[in-house]
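Working notes, structure below.
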Amino acid sequence: MTQRKIRTLAQTDPQIAHLIAAEAKRQEESMELIPSENITSAAVREAMGSILTNKYSEGYPHQRYYGGQEYIDAIEDLARERAKKLFGVPYANVQPYSGSPANLAVYVATCQPGDTVMGQALPDGGHLTHGWKASASGHFYNAVQYHVNARGRIDMEEVEALARKHKPRLIWVGTSAYPWKLNYAAFAKIAKEVGAYLVADTSHITGLIIAGVHPSPVKYADIITTTTHKTLRGPRGGIILVTDKGLKKDPALGAKIDKAIFPMLQGGPHDHQTAAIAVALKEASTAAFRAYGKKIATNAQALAHALISYGVDVVGGGTDTHLLLINCGNGRGALVELALDRVGITVNKNTIPQDPSNPFYPSGIRIGTPSVTTRGMGVREMRKIATWIKAVMDLIADEQLPQNAKERAVFVTQFDRRIARNRALTAIRADVRALCKRFPAQR
Ligand SMILES: *Cc1c(COP(=O)(O)O)cnc(C)c1O
């Protein structure tokens with residue numbers, strides 16, 4: 001018998017291998033301050049890249065439509081048990097392909113198309129899937145949106161008034177660009193009064209909840225959804241939990257969610273992803289992870305304090321989570337994002353509350369500390385990062401974004417090209433790279 005040689009990616013597809021290597025270098029040499037991103041452990045990546053991707057296993061453990069499931073069932077059982085134990089809930093579904101499909105499954109399980117639902121508006125820090133008109137959630141459901149007040153805090157009076165007026169079947173509490181702790185108890189009171197399901201989407205803050213630096217929604221929400229790849233540090237994926245409260249409200253809720261995921265919305269679960277989620281949940285159950293979650297918040301506060309001390313306009317005056325928003329001036333978020341990219345600090349442009357501009361040219365940037373905290377950076381490094389952000393903002397302070405939409409696009413392209421040759425930015429780039437070298441991403 002001839003022996004089959006295992007061929008590496010570099011041998012079979014040098015183009016893709018080269019691009020992965022280039023991206024690995026980019027991740028090593030720049031710092032990711034996008035608050036929804038993180039760095040997975042080698043163990044998570046080993047499970048994610050495993051032969052489990054070869055398997056089909058439509059259905060749920062011990063009730064599958066294909067054979068050969070003895071190990072797959074054990075893996076999914078472990079993932080579900082670990083999720084239930086970690087969060088203290090009686091039900092978990094670990095099959096959602098990602099956060100958005102998880103949220104769609106919640107709608108399918110609890111609502112009919114056309115039903116009224118309520119969520120936080122996207123420009124106010126909410127998520128697309130909470131009823132924003134560009135997403136299916138705002139298309140198939142009658143979505144009512146609540147907002148933040150002038151101080152950037154969720155306007156609970158508006159939430160209450162809208163809930164009483166529109167009687168939504170489902171209320172979302174969960175954010176993507178909101179620096180403050182959420183008051184789940186206040187939402188639960190309103191949801192109870194109008195008979196709505198309360199769904200907490202903790203995607204961004206799951207790691208903080210595990211660490212105890214953000215309150216847990218388990219006592220207040222009926223359903224909890226989360227991505228697994230943000231502060232939780234797992235592979236890309238999603239989880240849906242039903243709380244004791246949720247099962248009391250509707251004992252069939254777990255079964256409805258299982259059905260919504262499969263067969264309503266998805267086919268075969270991604271078993272490699274399920275295994276990697278199980279690994280991440282095990283990692284998140286440790287004291288080391290809880291310490292990590294606390295450090296994310298400490299770092300975010302240190303970054304905010306330093307920026308404020310340099311005169312940077314931090315929206316709402318700070319943060320008590322993992323992220324903060326900077327007001328860069330009318331429509332200038334994109335310029336700051338591009339200039340920071342040039343020095344190896346990756347952030348994303350973002351709308352700010354009551355943004356005078358539009359989502360394509362928003363006035364803010366959003367920055368978060370989960371990824372740099374994973375690399376081991378602490379308060380001292382946050383201060384250093386703040387000086388770089390301030391220096392970059394100062395360097396481009398005279399750049400004026402045109403009012404006209406067409407002129408804007410041309411201006412931004414030329415701006416990006418022009419700053420590529422800026423000596424001061426190149427010098428900061430070298431400093432950023434040197435700091436990154438001291439805190440390896442892949443360990
Ligand atoms: C990231 C996020 C999602 C969606 O997650 P994807 O995996 O990108 O689909 C949903 N809700 C909130 C609040 C999020 O922050």
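Heavy atoms only: backbone and side chains are in, while hydrogens, waters and symmetry mates are out. Note that ligands are numbered from 1 as they come in the structure, with each ligand's atoms numbered from 1 the same way.
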Would you say ligand 1 has an N or O under 3.5 Å from any N or O of Gly99?
yes

Listing request: all side chain to side chain donor-acceptor pair (under 3.5 Å) pairs with a residue in residues 111-125, at least two apart in sequence or in separate chains.
Thr116-Asn142

Around atom 5 (O) of ligand 1, find the nearest protein heavy atom and jot down its residue, atom name and distance.
Thr227 CG2, 3.2 Å

Which ligand 1 atoms, with their elements, are less than 4.0 angstrom from a heavy-atom of Asn103?
10 (C), 11 (N)

Enclosure of His166 NE2 (heavy-atom neighbours >12, cutoff 6.0 Å)
yes

Please answer whether the main-chain N or O of His130 pairs with a side-chain N or O of Gln145 as donor and acceptor at a distance below 3.5 Å.
yes

Quick one: which ligand 1 atoms are inside 4.0 Å of a heavy atom on Asp201?
10 (C), 11 (N), 12 (C), 13 (C)

Option of least heavy-atom distance to atom 3 (C) of ligand 1 (set: His127, His130, Gln120):
His127

Taking Thr286 for the side chain and Lys282 for the main chain, is one N or O donor matched with an acceptor at less than 3.5 Å?
no

So, 4.0 Å and heavy atoms of Arg236: is ligand 1 close enough to count as a contact?
no

Between Ser100 and ligand 1, which part of the residue brings a heavy atom under 4.0 Å of the ligand: side chain, backbone, both or neither?
both

Sequence-distant partners of Tyr97, ring-ring contact (aromatic ring centres under 6.0 Å, His included), two or more places apart:
His270

Mind telling me whether His204 and His322 have parallel, tilted or perpendicular rings, with 30° and 60° as the class edges?
tilted

Classify the contact between Thr175 and ligand 1 as side chain, backbone, both or neither, using a heavy-atom distance cut-off of under 4.0 Å.
backbone

Show me which atoms of ligand 1 lie under 4.0 Å from any heavy atom of Ser176.
12 (C), 13 (C), 14 (C), 15 (O)

Taking both backbone and side-chain atoms of Ser98, is any N or O found less than 3.5 Å from an N or O belonging to ligand 1?
yes

Polar side-chain atom of Arg169 near backbone of Thr110 as donor-acceptor pair, under 3.5 Å
yes

Number the atoms of ligand 1 from 1 as they appear, then name those within less than 4.0 Å of a heavy atom of His204, with their elements.
15 (O)

At a non-hydrogen distance cut-off of under 4.0 Å, which region of His229 contacts ligand 1 (side chain, backbone, both, or neither)?
side chain

I need the atoms of ligand 1 closer than 4.0 Å to a non-hydrogen atom of Lys230, numbered in the order shown.
1 (C), 2 (C), 3 (C), 14 (C), 15 (O)

Would you find a donor on one side and an acceptor on the other, under 3.5 Å apart, between the side chain of His127 and the backbone of Thr129?
yes

Enter the distance from Ile154:CD1 to Phe187:CZ here, rounded to the nearest 0.5 Å.
4.5 Å

